[in-house]
Amino acid sequence: MTDIDSSKQRRLVEFKDGCRYGKFGKTKAYELIALERIRAYKMGGKTLIDLDSIDEYHASLPRVESRAMF
């Protein structure tokens, strides 16, 4: 019997659910996968997206600097 380290388990969801979670469409998802900004895996005929990679992508986005209006 092997111990499974739950901290290393991937949070994988189906492609459409990953797009919904990331708040982007399928074209953007394929672009981010190709650029290796988010991780995806194949399981049979399904593409699964790693939710942690979406969180990492969102965290890497630049912050919008507001300009004071006077």
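- Hydrophobic cluster membership differs between L48 and Y30, with clusters built from Ile, Leu, Val, Met, Phe, Trp and Tyr side chains linked at under 4.5 angstrom.
- Just one of D52, L51, D50 meets the side-chain contact (heavy atoms from CB on, under 4.5 Å) condition when paired with I54; it is L51.
- One hydrophobic cluster, built from ILVMFWY side chains closer than 4.5 Å, cannot hold both V13 and M43; they sit in different ones.
- Contact check for R39 versus I49: no side-chain heavy atoms found under the 4.5 Å cut-off.
- Residues L12 and Y41 meet the side-chain proximity criterion, which asks for heavy atoms closer than 4.5 Å.
- Surrounding CZ of R10 are at most 12 heavy atoms belonging to other residues, nucleotides or ligands under 6.0 Å away.
- To the nearest 0.5 Å, atoms NZ (K16) and NZ (K26) are separated by 13.0 Å.
- Rounding to the nearest 0.5 angstrom, the gap separating the CD1 atom in I33 from the CZ atom in F15 is 5.0 Å.
- In the hydrophobic clustering (ILVMFWY side chains linked at under 4.5 Å, chained through shared members), L35 stands by itself.
- Rounding to the nearest 0.5 Å gives a distance of 11.5 Å between SG of C19 and CD of E14.
- Residues passing the salt bridge (charged side-chain N to carboxylate O under 4.0 Å, His left out) test with K28 are E31, sequence neighbours excluded.
- From H58, atom NE2 reaches atom CZ of F24 across 5.5 Å, with rounding to the nearest 0.5 Å.
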